[in-house]
2 protein chains.
Amino acid sequence: MTADRSAIRLSPMEVPKASDVLANELRERILSGDFPEGTPLPPERELVVQTRMSRTTVREALRVLEVQGLIRIKAGRAGGAFVQQPGEESVANSLELLIRGRQIRLASVHETREAIEPTCARLAAINRMPGDLARLDAADVAIAGSGSLEAFLQANLDWHIGVATAGHNEILTGIMIALSRAIYTVTHNEGFVNDEVRAITVRAHRSVTRAIREKDPDAAVRRMTRHVHAYAAAALAVEERTAITVPPVE
Amino acid sequence: MTADRSAIRLSPMEVPKASDVLANELRERILSGDFPEGTPLPPERELVVQTRMSRTTVREALRVLEVQGLIRIKAGRAGGAFVQQPGEESVANSLELLIRGRQIRLASVHETREAIEPTCARLAAINRMPGDLARLDAADVAIAGSGSLEAFLQANLDWHIGVATAGHNEILTGIMIALSRAIYTVTHNEGFVNDEVRAITVRAHRSVTRAIREKDPDAAVRRMTRHVHAYAAAALAVEERTAITVPPVE
DNA sequence: CTGGTCCAAAGGTCCGACCCAAAGTAGCAG
DNA sequence: CTGCTACTTTGGGTCGGACCTTTGGACCAG
């Protein structure tokens, strides 16, 4: 060991990439609320002269922020990067990646739903605004009159997201959006949505909607819990029936 | 309205960027499980000849995937882009951005927690493995003997994440990690962690841990619900006490 | 008004060169 | 043979500069 001559010791150091440095800097500034939503960042070429980095580097940093939902980039004159606070979308996206990539057991999705939706219903019954009710009613109508499978699933999804939205909790809303998407794609493949399921769903939705309208949190929780649980059980049953061909997992 | 002469209606159309096309293609392939975890993607220069895109474009696409947690990029010889399935981390990150950026009401975080943690506890009581228990015990010991505020918060956090992990539901785990971080940074600023709070926390944790060890889901849910609710109430109280200077919201 | 033309600003793409990091390899001193 | 050094190779990271494409605005002709 040649280094023993000096007592100076250093811990392993991180050498961040230039583009990350810029991205971090901008991210902090945006998150700290320095610039209000919609503020345009300087044009790329301007950032180049300010930071003395190359345009490639600047662009990479901007791209990172765009993926993270912190800015929105428009091309063309009067285009550029505009500050944006991340919304439910970005959460939903990353959750979707997790679910799809990890081949997550469908059971996990349902478990999560069972944890979350009752709370959404409770909050909705407490915080709902007139506009929220209108959206729920619209979804109720749409689902009753839905012909195709797609229409049914879409209306179903709208209602569930509507409930989450009515709760006015952005975290829960984001999670619900992601879960809904996952459920949609899954239920879409299996053909377990028969007339009976539809009828039951419509009834359940209506009763929850009523509880929300009447600002009755306890009823909302109770009914939503029952509904989600039943749905999960039914879906799992179909799952099992369909999965017989698949060799035992684990 | 000038457009009324023609009845033809078109919806806004997407013109994807080249780099997005590549990113989407690769993303689909990765998510569909074509390449197992750790598979190296071709080097950038190789992708250039294969796709006939410029290196800039290729690199941008890779950068996007990296941010989404689908690949990990290493420099140097034998480096490159390696396939990676997104984990809890990426979900936690995007949730953190949402929470920080939107100046989310602390209440939202607590609401979400109250929705999720009881379920985590229930699942943990059902699915826990020996390793999970060991981790919980370690956290219990650490929190009891913690001196500094940081040590206490860290141990607290470890325990809660440990419970989530023991439930073996990756979605819930990801959400919990994110929430924990948020709670950590918040509680860190306020100085509401006095000796009494510590004692209560230690006791609550131990009783939940016991329920998990004894595979008693109902008790686990009950105790966790009480604990989280109490914690949220206490935090909110402090919040209000501290926030007197702030003008009334809404 | 309607449509066409042109211009300027800004992002999007490409090229080619060079820098830096990591891992292997050859060769040399002891 | 051992161990160190120096070189080479393979890969990502950065740079600068050219050119393409999109978009909004201004101006002009019908």
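Residue numbers start from 1 in every chain, and the chains themselves are labelled A, B, ... in the order their sequence lines are given, proteins ahead of strands.
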*So His205(B) and His160(B), would you call those rings parallel, tilted or perpendicular, with 30° and 60° as cut-offs?*
perpendicular
*Taking atom C1' of dC14(C) as reference, at what distance in whole Å does atom CZ of Arg59(B) sit?*
14 Å
_Atom-pair distance (CD1 on Ile71(A); C1' on dA10(C)), nearest Å_ = 14 Å
_Closer than 4.0 angstrom, basic N to acidic O: yes or no for Arg102(A) and Glu37(B)?_
no
*Should we count CD of Glu14(B) as having more than 12 external heavy atoms under 6.0 Å?*
no
*Salt-bridge test for Arg63(A) and Glu66(A): reply yes if a basic N is under 4.0 Å from a carboxylate O, no otherwise.*
yes
_Per-nucleotide protein contact string for nucleotides 16-25 of chain D, where B marks a base within reach and S marks sugar-phosphate only (heavy atoms under 4.0 Å, - for neither)_ = --BB--BBB-
*asked:* Using whole Å, what does the distance between atom P of nucleotide dA10(C) and atom CG of Leu41(A) come to?
replied: 13 Å
*asked:* Output the rounded distance in Å from NZ (Lys17(A)) to P (dG12(D)).
replied: 11 Å
*Walk me through it: do Arg55(A) and Glu60(A) pass the test salt bridge (Lys or Arg N to Asp or Glu O under 4.0 Å)?*
CA-CA 8 Å; Arg55(A) 200 167 154 220; Glu60(A) 255 185 54; over 6 Å; no
*dA10(C) C1' sits how many Å from Ile73(A) CD1, rounded?*
11 Å
*Send over the distance from Leu47(B) CG to dG11(D) P, rounded to a whole Å.*
11 Å
*Is the shortest side-chain N to carboxylate O distance from Arg105(A) to Glu111(A) below 4.0 Å?*
yes
_Whole-Å distance separating the CZ atom of Phe82(B) from the P atom of dT10(D)_ = 16 Å
*Round to a whole Å and report the spacing from CG of Leu62(A) to P of dA10(C).*
14 Å
